[in-house]
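In what follows, a structure is listed as structure tokens, so that the remarks can point back to it.
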Amino acid sequence: MSDSKTPLLDELEKGPWPSFVKEIKKAASKNEKAKDLLGQLELSYKDKKTHWKHGGIVGVRGYGGGVIGRFSDVGEQFPAAAHFHTIRVNQPSGWYYTTDALRQLCDIWDKYGSGLTNMHGSTGDAVFLGAGTDELEDIFCELSAAEWDLGGSGSDVRTPSCCLGPSRCEFACYDTMALTYDLTMTYQDELHRPLFPYKWKFKMAGCPNDCVASIARADFSVIGTWRDDIRIDQDAVAKYAKAGLDIRFDVTRKCPTKCMKWDGTKLEIDNSECVRCMHCINVMPKALRPGTDTGATLLIGAKAPIVQGAILSSVLVPFMKIEPPYEKLKELVEKIWEFWDDHGVARERVGELIQRVGLGNFLEGIGVPPSPQMITQPRDNPYIFYEEYYEEEDEKGGEE
Amino acid sequence: MATKEEIKARKTDIGPPHYERFLHPIIKENYGKWKYHEILKPGVMVHVSEDEAKIWTVRAASPRLISTDFIRMICELADKYCDGYLRFTSRNNIEFLLADEANIDPLIADLGAADIPVGGIGKSISNIVHTQGWVHCHSAATDASGLVKAVMDELIDHFTKMDMPAKLRIALACCINMCGAVHCSDIAILGLHRTPPKIESHDRLRNICEIPSTVASCPNAAIRPAFIDGKKTVEVDEDRCMYCGNCFTVCPAMPIADPLNDGVSIWVGGKVSNARSAPKFTKLAIPYLPNNPPRWPEVTDAIKNIVGIYIKGARNYERLGEWAERIGWPKFFDLTGIKFTKYHIDDFKYAGTTYRRTTQIRG
């Protein structure tokens with residue numbers, strides 16, 4: 001029999017996938033907080049339930065977000081993990097780092113915290129797991145001295161995030177990293193001080209492949225697209241065919257609008273029918289490229305199920321050029337916030353508000369004219385609430 | 001303690017460092033000028049710019065919950081092979097960025113020596129995005145890191161090889177609040193509570209919870225102020241409870257965790273990409289599997305089964321949801337042997353839109 005104190009977790013040190021248990025143990029070998037976390041987690045594995053509670057607002061001076069309180073419900077047994085708060089550190093756009101920058105973060109975290117991190121959290125932040133209440137101010141001071149800042153939490157602008165865009169992807173239709181940085185800096189106050197009915201997420205994806213799940217997760221999704229023709233290199237298409245790609249079966253037949261033709265030597269695309277789905281470009285990136293008149297589709301309202309069910313973002317602006325200083329985009333965002341502030345109820349995401357008041361009324365409220373690109377089909381029920389109708393006086397030629 | 005200078009230097013609202021500081025010189029020089037990319041082998045690709053400049057990427061696995069030792073170790077590798085530059089992906093993989101093709105194999109060998117697999121590009125299963133679970137969440141109905149480890153140990157060959165019909169994305173959320181966006185993945189593992197919160201002691205509740213904020217915390221108005229023995233407390237309308245645990249967030253005297261009933265559900269067929277078909281939600285495949293730590297064998301078996309049947313049946317470039325829609329959901333249940341129950345039929349708001357209103361049914 002092994003005399004290990006963590007027989008259940010030890011099982012998860014085995015196997016080919018990198019083990020988080022090894023990671024906790026590495027930290028635990030020199031840190032009491034991580035050691036008690038390991039003990040508490042083993043207890044959870046034994047009890048088949050969590051031993052955390054929320055119970056209490058914690059934070060740093062001047063900020064309403066960025067730190068999430070976490071307390072153990074078995075703190076007497078594991079005193080070093082009794083207060084084990086999360087610190088969200090706003091990540092650089094595209095999750096790029098130099099080794100110097102990462103070591104700087106590690107040095108700060110080793111000095112005060114558990115030595116355990118998430119690279120990265122679901123919204124995008126670099127996450128420090130396990131800070132004591134008394135250390136929060138010190139950690140923040142050191143982070144800020146090293147030019148790092150906190151991300152969002154609670155009912156505020158959550159840390160904006162993006163795919164790596166034009167930095168290393170030929171599909172990028174606008175500069176996702178620049179827009180993300182700009183929005184993050186423009187809305188620092190909204191990011192650090194929760195004043196909204198609920199959370200607000202921005203996610204910037206460079207093309208319709210949407211590697212950051214913007215359409216599923218962001219209240220405001222900016223997804224790159226183009227409006228001119230797909231660029232074709234016919235020689236490169238022929239090379240793909242010669243190398244064994246079945247262009248008819250794997251490319252043209254999978255085109256959602258069947259706007260492509262391949263006769264064995266030449267690929268023809270009727271761009272007026274193309275919906276810019278990316279499939280053909282994904283399959284033949286050396287032969288096909290998005291057009292050069294690029295921008296983004298703006299969509300609104302995605303969220304996970306709580307409360308009214310999950311929602312995917314829906315089209316708000318079919319096409320917008322995305323160029324600094326992004327005035328049109330920001331004006332639109334601020335109009336939406338104003339409407340949400342006026343009409344949203346507590347804990348109502350903007351997507352739920354739109355479902356409650358109707359997209360038509362929402363559009364009117366933010367001053368955006370309705371267009372058929374925003375829907376998959378017009379209404380099929382007759383319950384129309386007309387806002388204009390004739391009065392008797394009109395018959396007599398009365399004025400409006 | 002922070003020094004006086006540090007406290008004096010305390011700046012707020014400075015935002016994150018500008019990303020340009022962290023870009024490899026080749027990336028900075030070719031920003032916005034990339035022409036095409038090519039996947040050279042599992043986990044390795046090259047991007048080529050208009051000027052024929054090249055940057056190679058090696059993608060490596062990470063458990064996401066990592067120690068500072070792990071970060072320092074990958075920094076050493078990035079110093080040795082990547083001029084000190086690296087990045088993380090939206091699925092928590094590590095990407096090493098190389099200016100010299102000759103460094104690829106030595107880097108992969110060093111990663112192998114550190115037990116870090118390379119892969120997750122192209123037609124493969126990439127890293128599982130996931131939430132905190134029992135490691136660090138108060139509303140978790142299951143663990144996240146442990147389940148991910150157990151599942152990826154079984155599916156590792158599909159990470160290190162490109163043997164799938166199309167990419168397959170798995171996500172895990174440890175409760176329905178879904179900090180991880182599992183509602184649009186090819187396969188979603190979702191922890192579920194199945195019983196309402198319990199109030200073990202009304203005296204304790206009174207002492208440690210604010211009654212108005214506890215009532216307000218419920219998204220479905222299932223918690224009401226009440227008088228019990230002449231003293232103010234709350235009561236739960238159990239028929240309205242959807243087991244989200246939000247009340248427990250504000251009131252620790254209302255625990256929702258229930259070891260006997262908490263467990264895992266499996267969902268399939270979602271996607272976020274607009275390629276070919278529109279983005280779509282995951283659909284329920286298996287309503288409940290027990291929490292069976294440390295390795296959750298019922299969950300890993302169920303996922304291996306679904307993945308295996310999908311690989312056999314799907315056409316080239318067909319995502320799991322596209323395959324299921326082509327063959328029809330009745331056949332999906334038939335082929336996978338998953339039992340269809342009344343729980344599979346939606347009964348929430350727009351349930352009627354999911355009923356079949358045609359006689360077109362495959363034989």
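Nothing here was measured: the structure is a model prediction, and the numbers come from that model. Below, chains carry the letters A, B, ... as their sequence lines are ordered, and counting in each starts from 1.
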Matching residue for A:Arg70 among B:His138, B:His136, B:Gln132 - test: side-chain hydrogen bond (donor to acceptor under 3.5 Å, both in side chains): B:His138

Which bit of A:Ser167 comes within less than 4.5 Å of chain B, counting heavy atoms only: side chain, backbone, both or neither? both

Tell me yes or no: between the side chains of A:Asn282 and B:Tyr317, is some donor less than 3.5 Å from an acceptor? no

In Å, rounded to the nearest 0.5 Å, how long is the span from CE of B:Met254 to NZ of A:Lys53? 15.5 Å

Against chain B, label A:Glu42 side chain, backbone, both or neither, depending on which of its atoms sit under 4.5 Å from a heavy atom there. neither

Distance (rounded to the nearest 0.5 Å) between A:Phe20 CZ and B:Asp143 CG: 5.5 Å

Atom pair CD1 (B:Ile14) and CE (A:Met185), whose distance is rounded to the nearest 0.5 Å: 7.5 Å

Lys/Arg-Asp/Glu bridge criterion (N-O < 4.0 Å) met for B:Arg72, A:Asp107: yes

Using side-chain heavy atoms (C-beta onward) and a distance below 4.5 Å, is B:Glu95 in contact with A:Trp95? no

Distance check, rounded to the nearest 0.5 Å: A:Gln308 atom CD versus B:Asn220 atom CG? 7.5 Å

So for A:Ala302, is it side chain, backbone, both, or neither that comes closer than 4.5 Å to the heavy atoms of chain B? neither

Would you say the side-chain atoms of A:Thr98 and B:Arg21 include a donor-acceptor pair closer than 3.5 Å? no

With a 4.5 angstrom heavy-atom cut-off, which part of A:Leu41 approaches chain B: side chain, backbone, both or neither? side chain

ring-ring contact (aromatic ring centres under 6.0 Å, His included) between B:Trp34 and A:Phe171: does it pass, once the steps are laid out? CA-CA 8 Å; B:Trp34 298 105; A:Phe171 298 160; over 10 Å; no

Using side chain to side chain contact (heavy atoms under 4.5 Å, CB included) as the criterion, list what pairs up with A:Ser214, not counting sequence neighbours. A:Lys203, A:Ala205, A:Asp210, A:Val212, A:Ala218, A:Ser221, A:Ile223

CD1/A:Ile306 to SG/B:Cys244 distance, rounded to the nearest 0.5 angstrom? 4.5 Å

Identify, with sequence neighbours excluded, every residue that meets side chain to side chain contact (heavy atoms under 4.5 Å, CB included) alongside A:Cys255. A:Thr257, A:Cys259, A:Met260

Please state whether the rings of A:His120 and B:Phe88 are parallel, tilted or perpendicular, taking 30° and 60° as the class boundaries. perpendicular

Here the gap from A:Thr117 atom OG1 to B:Ile71 atom CD1, rounded to the nearest 0.5 Å, amounts to 3.5 Å

